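In this text the structure is predicted, and so the values were computed from the model without any measurement. In what follows, every heavy atom counts, from backbone to side chain, and hydrogens, waters and symmetry copies are set aside. When a ligand or atom number is given, it counts from 1 through the structure's own listing order.
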Amino acid sequence: MEKTFNITTFGCQMNEHDSEIMAGMLADMGYTEKSEKKDANVVIINTCSVRDNADKRFFGTLGQLKRRKENDPDFIVCVCGCMMQQSHIVDQIRRKYPWVDLVFGTHNIHRLPHLLNNVIMKRDKEVEVWENGGEIVEGLPSRRLHHGKALINIMFGCNNFCTYCIVPYTRGRERSRHPEDILREIRDLAGDGVREVMLLGQNVNSYRGTFKDRDKGEYCTFAGLIRQIAEIEGIERIRFMTSHPKDLSDELIQTFRDCPELCGNIHLPVQAGSDRILKKMNRRYDREKYLDLIRRLREAVPDITISTDVIVGFPGETENDFQDTLDLIREVRFDSAFTFLYSIRRGTPAAEYPDQIPDDVKHERFERLVDLVNRISAEKNAKYEGTIRRVFVEGRSKRNRSWLSGRTDGFKLVNFPVLAEDLPEGMAAEMPTVSEAEEKLTGCFVDVEITKGKTFSLEGRLIDFK
Ligand code: SAH
Ligand code: SF4
Ligand code: F3S
């Protein structure tokens, strides 16, 4: 029987990258990836626990697999990721979802081949979740989702314990990879044609990588790492996610100024605009410090694009606190913002705070917030109309299959048509069909003239691909 798998991934880019690694290990074991769960005999669900809607979607997905398992005893259901690091979730799976064959956590994904073989050989369940991350495991295979760009973990875990957040409990303490390991990985990727790297960590600003063959006291900073990556032949764009305002260094701002490979874009979650709420969130910066960072970033790179995360309805948030958030957004004018309703996470300090905000108040504030954020995004994007942008092509547009999409240096999504009739004559002859255009341009830089700035994306027309 053909060995096939499918992975469903919830959550952030950490999970996305973990899924790439699992896909790499399964490919090495002789499995073929299928794009639909129904065509695969091993199904893996990589979960996220950051907010309750992610939890709900996971249990919904699990429920759907029950029938299949009843009809096909060889079908294997595996669950992993952040939710599995919470013992009450694993208990719930044992009690209510007995058709799950394999449970593992965020610290032991490298054990997947071994655990999966056990399930198959013994025809029994396996549950293996490690409390803490041990040594970082290097050299795992990976099946990259994207062509031409790659996700690279530079550190794992988080030490910040923001009072609302589950991540420090599901991902453990901060551990940084050695710079030599990261550089080797990126050199190999560049050799395979990767031009853009996204450096991943919950708080990349506190990256502190010791060198393998030097004194333990010496270490590489985040900005130092970026400068070394920029030296690698073939790497043209460097991005990172996510950075915490409290640890954003002068050295990093300087690197934004000096290093052309570092893209002029930063995701800098603010969470709230009220000092009182920031304190209760344990964010360890205040509004003034945040605004000062924004000023200095804009001084270094005048057209830097800035995005953020905002939570509404944190326990104790008053209308005045909320006005402070709106006010900060008006002052900064973010290019985009991810907005979240505060969601109680069991085991975090804020879950125990007595002054939880009623749902209707949360929702009403959320709407006002989204209106403001979207209005500003649309205004900012409109300013791009008529300009020519260098776009790194990522593939077909999700909305319109005869269009391609890519990103500007500032991470703006750009969609543009590639039907022959939409292209200048010479170009159309070189790529007469959409598939040929996709084949030719994905993973390459092109010039696009922006014709329309919308709320969440830009539209344009291809003018050059050299
Ligand atoms: N490490 C990143 C954030 C990772 S989680 C950072 O600190 O910048 C991504 C976002 O989810 C957070 O920035 C926050 O806005 C949101 N989030 C986390 N926990 C949440 C909760 N309990 N309720 C609502 N939003 C939450
Ligand atoms: Fe969560 Fe805060 Fe760590 Fe980000 S920095 S992962 S919000 S605890
Ligand atoms: Fe979710 Fe875990 Fe990422 S909780 S946001 S998948 S680190």
Do the numbers put [X] on top of the ring of [Y], so that NZ or CZ is under 6.0 Å from the six-membered ring centre and no more than 45° off the axis?
| X | Y | answer |
| --- | --- | --- |
| R57 | F10 | no |
| R68 | F75 | yes |
| R407 | F411 | yes |

For residues [X] and [Y], is any side-chain donor paired with an opposing acceptor at under 3.5 Å?
| X | Y | answer |
| --- | --- | --- |
| N282 | N160 | no |
| S377 | N374 | no |
| Y164 | Q271 | yes |
| Q202 | T242 | no |
| H267 | S307 | yes |
| N6 | E33 | no |

- Message: For a side-chain hydrogen bond (donor to acceptor under 3.5 Å, both in side chains) check, start with the C-alpha distance between D250 and Q254, then their side-chain angles and the critical distance, and finish with the verdict.
- Response: CA-CA 6 Å; D250 293 341; Q254 192 60 41; over 6 Å; no
- Considering only heavy atoms, which protein residues lie less than 4.0 Å from any atom of ligand 2?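 Lining ligand 2: C158, N160, F161, C162, Y164, C165, V167, P168, Q202, H244, R283.
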- Note on the structure: Atoms of ligand 3 under 4.0 Å from any heavy atom of Q202, numbered from 1 in the order shown, are 7 (S)
- Task: Give a yes/no verdict on whether any heavy atom in M83 is under 4.0 Å from an atom of ligand 3.
- Result: no
- Message: Looking at D355 and K280, is any side-chain nitrogen of the basic one under 4.0 Å from a carboxylate oxygen of the acidic one?
- Response: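 Judged by the 4.0 Å cut-off on N to carboxylate O distance, K280 and D355 do form a salt bridge.
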- Does a side-chain N-to-carboxylate-O contact under 4.0 Å join R298 and D303? no
- T305: which of D409, N265, D335 passes side chain to side chain donor-acceptor pair (under 3.5 Å): N265
Ligand 1: which protein N/O atoms lie under 3.5 Å from its N/O atoms?
unit_1   : atom_1 : unit_2 : atom_2 : d
ligand 1 : 1 (N)  : Q202   : O      : 2.9
ligand 1 : 1 (N)  : Q202   : OE1    : 2.8
ligand 1 : 7 (O)  : R283   : NH1    : 3.4
ligand 1 : 11 (O) : R51    : NH1    : 2.9
ligand 1 : 13 (O) : Q271   : NE2    : 2.8
ligand 1 : 13 (O) : D309   : OD2    : 2.6
ligand 1 : 15 (O) : Q271   : OE1    : 2.7
ligand 1 : 22 (N) : Y164   : O      : 3.0
ligand 1 : 22 (N) : S343   : O      : 2.8
ligand 1 : 23 (N) : S343   : N      : 3.0

- Got a sec, which pairs hit ring pair (Phe, Tyr, Trp, His ring centres under 6.0 Å) with one end in residues 101-120, sequence neighbours left out?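 Qualifying pairs, neighbours excluded: H110-W130.
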- How many protein N, O or S atoms are found at a distance of less than 2.8 Å from atom 2 (Fe) of ligand 3?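 Of the protein's nitrogen, oxygen and sulfur atoms, 1 lie under 2.8 Å from atom 2 (Fe) of ligand 3.
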